[in-house]
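To start, the structure under review is shown below, and the notes come after it.
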Amino acid sequence: MTQFEQLRRAMAQAGVDALWVSDPANVRALSGFTSGKDGKVLVTPQGATLYTDARYTVQAQEESPLPAVIARPPDTYRDAAAALSGLRVGFEADHLTVSGLDDLREHWADATLVPVRGLIQKIRAIKTPEEIEAIRAAQALADQVYNEVRPMIQAGVRELDVALEIEMRLRRAGAENAFDVIVASGPRGAMPHGVASARVIEDGDLVTVDMGARLGGYNSDMTRTVAVGQPSEELARIYRAVLEAEEAAVAAVGPGVRAADLDALARDILTRHGLGEAFAHSLGHGVGLDVHEAPGLRGTSEDVLERGMIVTIEPGAYLPGLGGVRIEDLVLVTDAGHEVLSCAEKEQI
Ligand SMILES: CSCC[C@H](N)C(=O)N1CCC[C@H]1C(=O)N[C@@H](C)C(=O)O
């Protein structure tokens with residue numbers, strides 16, 4: 001079944017005849033238009049239309065097989081109104097502002113507006129073969145850049161210089177950062193999202209490097225924690241506990257596995273090491289056009305892994321005042337179980 005066929009089925013299940021798509025990644029997924037934040041897609045019983053403005057006339061023609069309407073609001077809404085009279089029209093509740101909804105209500109008074117959540121995200125969670133290759137390529141580049149930059153992580157070097165080197169190498173290769181590079185050294189390692197600062201790395205630090213490449217629109221995501229000099233026995237113990245949790249969770253990845261069970265598996269290992277409270281976030285998430293997308297690997301998730309999903313496995317332990325550790329792999333769910341896409345070496349500390 002094509003993604004559009006899957007979407008039509010999901011729309012029927014959600015009880016909508018048409019769908020106004022405003023999430024940039026969903027716009028891109030449906031239309032191929034790479035400036036998703038400046039586009040919308042309207043799916044009706046007759047077909048799908050890309051809406052964007054005159055800055056993108058040529059780009060829309062080049063990139064999207066969908067018919068494009070070049071207009072700006074309110075003309076956009078007026079154009080779409082004709083096709084929507086009497087229909088139940090879904091809108092993406094997670095990606096429409098209050099004023100955006102007011103606009104739809106004003107211009108589509110003859111339609112019934114219905115909030116929907118995660119319809120397209122659920123379809124995007126299972127990657128096509130082409131998407132898998134795109135993410136594999138993004139991760140391969142990230143591995144290469146990480147390996148090139150790894151020797152630079154030494155005492156006396158600022159975190160932001162490590163981050164800059166990573167970004168420069170990604171950009172030279174035609175990619176970009178999937179997100180601001182996290183380089184969290186020493187006590188800053190206690191911040192899971194500690195983007196690189198001016199801190200100078202010191203002897204005995206653990207340094208967490210979390211980076212991703214965005215290549216051809218698709219993201220990768222990987223974390224390594226490295227030791228500079230000889231870390232304390234306490235930090236080394238935490239590192240080994242996180243590594244144990246990470247390896248056990250990766251080994252358990254396969255089709256049919258409940259995301260919540262995977263999260264619990266890693267969390268239980270860290271709890272046995274006295275680090276349950278220190279694991280301050282979910283185990284992982286899907287990766288694709290967005291860095292964070294479905295499925296969610298967290299305790300409250302109802303998601304079940306399926307072949308073709310690409311997820312991160314990234315347990316961590318964060319101890320304020322002391323530091324932290326996170327180890328993350330990018331993992332493809334396969335019929336046989338899984339394939340780890342991230343190849344950069346994990347250190348034994
Ligand atoms: C700003 S993107 C961060 C990428 C990173 N690899 C990542 O996803 N992290 C870092 C620590 C936790 C994890 C995260 O943000 N998880 C989200 C999904 C959560 O809510 O737990």
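Counting starts at 1 for both ligands and their atoms, in listed order. Since this is a predicted model, take the numbers as computed values, not measurements. Just the heavy atoms: all of them, side chains too, but no hydrogens, waters or symmetry mates, feed the values below.
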Tell me if a side-chain donor or acceptor on R237 pairs with a main-chain N or O of H273 at a distance below 3.5 Å. yes
Interfacing atoms of ligand 1 (cut-off 4.0 Å, heavy-atom, E328): 6 (N)
For ligand 1, which atoms sit closer than 4.0 Å to a heavy atom of D221? 4 (C), 5 (C), 6 (N), 8 (O)
What residue and atom, counting heavy atoms only, is the protein's closest point to atom 19 (C) of ligand 1, and at what distance? S282 OG, 3.4 Å
Counting heavy atoms under 4.0 Å, the part of R326 that contacts ligand 1 is side chain
For the CD atom on E277, are there more than 12 heavy atoms of other groups (residues, nucleotides or ligands in this structure) within a distance under 6.0 Å? no
Backbone or side-chain N or O of H285 under 3.5 Å from ligand 1 N or O: yes
How about K122: does its NZ atom have over 12 heavy atoms from other parts shown lying under 6.0 Å from it? no
What atoms of ligand 1 come closer than 4.0 angstrom to any heavy atom of D210? 4 (C), 5 (C), 6 (N), 10 (C)
Quick check: is L206 connected to L319 through a chain of hydrophobic side chains (ILVMFWY, heavy atoms under 4.5 Å apart)? yes
Who's closest to atom 15 (O) of ligand 1 heavy-atom-wise, of H281, R298, H193, E293? H193
Considering only the protein, which heavy-atom contact is closest to atom 8 (O) of ligand 1, and what is its distance? H292 NE2, 2.7 Å
Ranked by distance from atom 13 (C) of ligand 1, the top protein heavy atom is E314 OE1, 3.6 Å
Is D143 reaching over with its side chain to a backbone N or O of C343, donor-acceptor style, under 3.5 angstrom? yes
Just jot down the ring pair (Phe, Tyr, Trp, His ring centres under 6.0 Å) partners of H95, sequence neighbours excluded, or say none. none
Closest non-hydrogen protein atom to atom 2 (S) of ligand 1, residue and atom name please, with distance? F179 CG, 3.7 Å
M309 and I126: which non-hydrogen atoms are nearest, and at how many Å? CG-CG1, 4.2 Å
